[in-house]
Amino acid sequence: MYSNSYLSNDPLTRKPLPERIPAEKAAPSWEWEINARTESGNRGWKQLLSYRHLLFRMVRKEFLINYQQTVLGPLWIFIQPLLTLLVYVVVFGKLIRVPTSPGVPPVIFYLCGIVLWNFFHESFLMISRTFRENIHVFSKVYFPRLIAPLSVLITQFLRFLIQLLLLALLLLWFVLFEGYRPAPGPLLWMLPLTLLACGLMSLATGLLFAVWTGKYRDLINIVEVGVRLLFFITPVVYPLSAIPPEMQGWMMLNPLTSIFETFRACLLGAGEPTFSGLAYPLLFLVMTLPFALHLFNRQGSRLIDIV
Amino acid sequence: MGNDILLSVEDISKTYQLGTFGAGSLRREWQDWIDRRLGKRRQADAKQELQALKDICFQITRGEAVGIIGSNGSGKSTLLKIISRIIRPSTGRVRGRGTISSLLEVGTGFHHELSGRENIYISGYTLGMNKAEIRRKFDEIVAFSGVERFLDTPVKRYSSGMYVRLAFAVSAHLEPDILIVDEVLAVGDAEFQKKCMGKMETGSRKEGRTILFVSHHLQAVEQLCSRAIWLEKGKLMYDGESRDVVRTYMADTQQRISEKEWNDPEKAPGNERIRLRKIKATPADGSRLITVHTPIRLEAEFLVYEQKGTLNINLTLETPDGQCLFSNGTPSAKALPSLQTMEAIVPGKLLNNRTYWLTLTVMKDHREVVHSFVRCLPVDVEDDRGEMDYLGDWPGMIRPAIDAQLYIKDLL
């Protein structure tokens with residue numbers, strides 16, 4: 001009845017027949033279910049893991065599209081923080097004269113702040129735009145939605161590591177030619193933990209705002225202003241010690257404060273790194289991250305309806 | 001195999017909130033929240049909601065190819081999105097076994113800046129392929145798309161045809177248990193469409209793949225699918241053998257568009273000398289549907305107010321782009337205040353599958369135009385190719401039955 005004459009030359013029709021699962025006599029056992037309450041990520045970590053190749057490809061894609069076809073290519077990863085550094089040295093160092101940690105060259109001090117702030121700020125903003133940026137893909141195909149923000153986080157972390165290399169080079173210069181002796185405290189091992197805390201902080205807050213800005217578009221404006229404000233109430237261009245002591249307690253309410261302080265303390269030995277310093281940000285994460293993940297997974301498919 | 005149910009859709013409903021609710025305005029939601037607190041009922045609740053799907057139920061067994069048809073806004077895409085787990089149903093559930101891949105557009109996950117090679121990988125992973133699968137099929141995909149030479153060129157430099165071919169090639173090599181396809185055939189040139197159809201046909205018939213296929217291309221649904229489901233305004237109208245469902249659907253659609261009636265003369269088209277009361281096009285041979293084979297009866301009723309002379313009516317049938325196909329007149333009839341009817345039969349096996357437009361021009365004494373009812377009725381002619389294999393567009397303003405033969409005259 002149906003002839004496929006025009007198909008006979010198609011090499012693809014010569015595929016082996018897939019194995020058939022023998023027909024079941026009893027009612028079939030279902031492997032999955034979709035209902036009104038299904039979370040978009042309800043098949044859990046195992047499913048997320050099965051999409052790891054997509055995750056890596058998305059990271060790769062970010063690098064390829066950002067640095068292909070630009071004259072300076074990947075050099076931009078270095079140029080951007082260097083330009084920012086120049087601005088900070090002139091504005092905060094020379095004009096406003098914001099004090100930096102004693103004994104630390106301002107250039108090193110600023111660059112420390114810049115690379116970590118870039119990491120937090122870029123990943124937070126990009127993650128908070130997850131639904132707006134990916135709506136065309138999200139509305140056409142299913143994959144665990146968390147893949148998108150995770151790929152941003154990994155991309156930004158790799159960028160951060162590359163920028164850390166720049167910091168290391170500059171540090172080497174100051175050690176060799178300027179006689180600067182950084183004292184990376186005995187708590188250098190806390191550095192990975194600090195970075196993890198910083199990354200997860202951007203993830204947790206980013207996911208929350210991804211859902212909220214998806215739902216209430218008014219928030220988009222507030223988020224951008226808010227992040228700019230956050231920059232000033234986080235010790236990025238000044239150390240916590242430059243703040244009047246009675247204000248320091250308030251500053252510590254910002255979980256980023258101790259992350260930035262610990263980061264510099266670990267690397268340069270400026271200030272006193274204490275393990276308890278990270279306790280507050282970690283506690284903050286324990287409280288917010290599970291909630292953020294839950295909200296993101298639960299609202300993931302609902303937002304597709306309204307974004 | 002009869003018992004091997006892969007997918008079970010159970011009482012699926014989907015309701016959308018219309019208006020700005022939940023999207024964009026914090027103030028609005030705040031207001032709603034206060035209203036609820038105060039025990040105020042939200043006004044015009046029903047008006048704010050759109051029922052996109054209502055109590056849809058069906059099951060699909062392994063190896064079935066099921067077509068979903070229905071007019072725009074009937075809920076086809078919503079249904080596919082729910083099954084693909086892109087959106088959630090409001091009530092009901094979908095249960096299933098095995099993997100699902102959905103092709104709701106060509107080129108999902110493609111990025112213009114990336115090369116063809118990169119795009120094959122990222123799109124493949126996005127659609128749910130795994131690494132081994134892509135590795136194994138990479139060469140096949142490239143060969144199928146025919147873009148070997150441009151594999152390392154960013155796809156933004158591709159022609160749109162190449163882009164579509166590459167994108168489709170990736171999708172065509174998916175091997176999920178259930179494949180969901182939405183209107184993919186709407187893209188590409190005829191040659192490529194044929195290739196795609198062939199690929200899908202192979203998938204469903206030879207490899208026993210389960211396919212759920214949404215399309216406006218009714219001929220394709222009829223050819224490709226053994227079973228079809230007709231959705232209308234979110235409700236399941238008919239679920240059965242595809243030819244049967246397609247015929248019923250077409251007959252219903254035609255009837256709706258090819259009949260117009262005005263009960264209030266004030267609102268009817270026309271002027272103070274003549275008004276249209278009713279106009280319709282029906283199959284003249286008693287079949288349900290106007291196809292390329294059926295003769296068409298055109299009927300119109302006029303309220304004539306003209307007092308003197310004679311009237312006749314000129315029928316003009318136009319192609320969608322405004323080419324006149326023919327223009328024929330009725331004999332004259334005496335003009336006096338009355339209800340007059342016109343009837344005309346257009347022979348079968350003459351028109352092509354198009355939507356033609358009927359224009360009626362009322363003439364007085366063969367000289368003066370009383371009124372011209374320009375494009376007052378669409379006449380929708382459906383295709384019916386029987387068992388024919390070719391599904392592409394059939395060119396031509398008309399499709400008369402030409403007796404053409406091909407003989408073997410002499411062996412060489």
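So that the names make sense, note that chain A is the first sequence line, chain B the second, and so on, each numbered from 1. Note that the coordinates shown come from a computational prediction; the quantities given were computed from them, not determined experimentally.
In this structure, A:R57 is not positioned above the aromatic face of B:Y125 in the sense of NZ or CZ being under 6.0 Å from the six-membered ring centre and within 45° of the axis.
Between A:L64 and B:E118 there is a side-chain heavy-atom pair separated by less than 4.5 Å. The shortest side-chain heavy-atom distance between B:R88 and A:N35 does not fall under the 4.5 Å cut-off. Residues B:I86 and A:F138 are not in side-chain contact: their nearest non-hydrogen atoms beyond the backbone lie 4.5 Å or more apart.
Among A:V141, A:L55, A:I220, A:V137, the residue with the largest count of heavy-atom pairs under 4.5 Å with chain B is A:V141. Taking chain A as the reference chain and counting heavy-atom pairs below 4.5 Å, the highest number among B:H111, B:K81, B:E10, B:M129 is found for B:H111.
For a residue to count as touching a neighbouring chain, one of its non-hydrogen atoms must lie under 4.5 Å from one of that chain's; by this rule A:R60 touches chain B with the side chain only. Heavy atoms of B:I134 lying under 4.5 Å from chain A are absent altogether. If you measure heavy-atom distances from B:K131 to chain A, the contacts under 4.5 Å come from both the backbone and the side chain. With a 4.5 Å cut-off on non-hydrogen atoms, B:S77 does not touch chain A at all. Within the 4.5 angstrom heavy-atom criterion, only side-chain atoms of B:T108, from C-beta onward, approach chain A. Contact of B:L80 with chain A is not made at all, since no heavy-atom distance falls under 4.5 Å. Residue A:F56 does not touch chain B at all, counting heavy-atom pairs closer than 4.5 Å.
No donor-acceptor pair closer than 3.5 Å links the side chain of A:W32 to the backbone N or O of B:V94. With hydrogens and angles disregarded, no donor-acceptor distance shorter than 3.5 Å links the side chain of A:E33 to the backbone of B:R95.
What you find for A:Y51 and B:G128 is that their closest heavy atoms are OH-CA, 4.3 Å. The two residues B:S102 and A:K140 make their nearest non-hydrogen contact at OG-O, 4.0 Å. Between B:I5 and A:W30 the shortest heavy-atom distance is CG2-CH2, 3.7 Å. In plain terms, the two heavy atoms of B:I122 and A:L54 that are nearest each other are O-CD1, 4.0 Å. Looking at every heavy atom in both residues, A:A36 comes nearest to B:S90 through CB-O, 3.2 Å.
Heavy-atom contacts from other residues, nucleotides or ligands closer than 6.0 Å to CZ of B:R135 number 12 or fewer.
Interatomic distance, A:Y142 OH to B:L104 CG, rounded to the nearest 0.5 Å: 14.5 Å.
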